Amino acid sequence: MDPIQPPVENYANPKTCFFHVLFKAGALAFYILSTLFFNSFVIIFVVTVLLAALDFWVVKNVSGRILVGLRWWNEINDLGESVWKFESLDQESLARMNKKDSWLFWWTLYLAAAAWIVLGIFSLIRIEPDYCLIVGVCLTLGIANIVGFTKCRKDAKKQFQQFATQTIASRVSSTIQSAFSVV
Amino acid sequence: MSHVSDTIPLHASSQSDIDEIENLINTSIQSSSSTVLPARPPSPPRIPVSASPFIQSNLPPLQPKPQSTIQKPPSIVPSAPLPPLPPSSGNSAGGSISGTGFGSPPNTLTEPVWDTVKRDLSRIVSNLKLVVFPNPYREDPGKALRDWDLWGPFFFIVFLGLALSWSASVKKSEVFAVAFALLAAGAIILTLNVLLLGGHIIFFQSLSLLGYCLFPLVIGALVCMLKDNVIIKVIVVSVALAWSSWAAYPFMSSAVNPRRKALALYPVFLMYVSVGFLIIAID
């Protein structure tokens, strides 16, 4: 069903990867399996949403930094405007990032969001608004992280291109200058 | 005006660091060797997700310079309050200034996840104190909730829902779902209301504020959970309601045109009243 086989080689940060996956999988698993054990909707809601919130925090604060070297946040500047900041490691550090780590990071983000969408469709079909609420909250958190990190990555690429063109331009001009000074 | 927040001593340690600097400067002047503090720009004002005060660690070392004239020290001291630090714990903001990547070495990334947690928790507490309790920043609401976060509101809403659900003897799940949806959707709609009235408020800041103002109602719900007398419940809920409205008033009213203050404040009051009725009516 899933054609992508996860690689079995070494991860650079196994503990971080583990936690990154743990809360996502925990929230999904609890949501799916809980009806077998619990009758109370409240417990299902609270535990699932709590796990999803923990996952959001872990991805944003810990695994984003460690696994892919990206970070995003929101600031309110002195004019009272809200500014979204995106930050990334510089190019050498980014190139040194473990490929398996970043593969895991991105794919689990997308897969978790896709799983929540599927579960949401199920609960819509069964017309259970309570469970739609849970799915809505978890989906919001997952999509927020996806959007944040994608923007961060695009911003990093743009900055790298700018930096590269700047470097090339400055190199060219300094080469020309030195050529002229020799002459 | 940005320096106003920068020069407020954030820790007791920052004050002692300034004293340290002054002592060092005085002793160095006395020994008649001029020392110049390296002039560095202040570090960026915010740490990302867990925006919080810098933890003052090592000061930049004084570098004696072979100069005959004695430099004037006092101009250096005002810039001392936030000396740029080697990125200390957790997710520090650093690095991007110098362009050498994060600047946070691997050991601070791996070890203090606990520090990040503590910083987030302290931010929640400080936001709560700013919003709900009397403090000097209430006159300038935009500055007060500058470091908004949504964790506090999240916990309060869940807690309020749990308290209501526990007090209910029947239909516990519906009560919880209704309470949660009412509060979450209510906060979003109230923020949209302010924005549509032409007010100047930031979406997440307002969500955060409305969530934190639920704190008195959470306390009220807890008390009502313990006592079942209707009269006591009414009194407690009224007090909690008044407190919540008092907490929310300056932020909401300063965001809109003075002629539209009532239009912005009335729905907030209405939402808190409906939550109050939920608390009273549950048995």
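Everything numeric in this text was worked out from a predicted model, so none of it was measured.
B/Phe277 CZ: 12 or fewer foreign heavy atoms inside a 6.0 Å radius. The 12-atom threshold is exceeded at CZ of B/Phe203, counting heavy atoms of other residues, nucleotides or ligands nearer than 6.0 Å. Residue A/Ile127 places its CD1 atom among 12 or fewer non-hydrogen atoms of other residues, nucleotides or ligands, all under 6.0 Å distant.
Residue A/Phe56 holds its CZ atom at 11.0 Å from CZ of B/Phe154, rounded to the nearest 0.5 Å. Atom CG of B/Asp149 sits about 11.5 Å away from atom CG of A/Asn74, to the nearest 0.5 Å.
The closest side-chain heavy-atom distance from B/Asp120 to A/Trp57 is below 4.5 Å. For the pair B/Phe176 and A/Ile43, the minimum side-chain heavy-atom distance is 4.5 Å or more.
Neither the backbone nor the side chain of A/Val58 comes within less than 4.5 Å of any heavy atom of chain B. Only the side chain of B/Phe180 comes within contact range of chain A, judged by heavy atoms closer than 4.5 Å. In this structure, chain B has no heavy atom under 4.5 Å from any part of A/Phe19.
The salt bridge (charged side-chain N to carboxylate O under 4.0 Å, His left out) pairs that include a residue from residues 19-47 of chain A are A/Lys24-A/Asp55, where partners are two or more places apart or lie in different chains.
Residues of residues 162-173 of chain B that come closer than 4.5 Å to chain A, counting heavy atoms only, are B/Leu162, B/Ser165, B/Lys172, B/Ser173, ordered by residue number.
Of the residues considered (A/Asp130, A/Leu133, A/Val137), A/Leu133 shows the highest number of contacts with chain B, using heavy-atom pairs under 4.5 Å.
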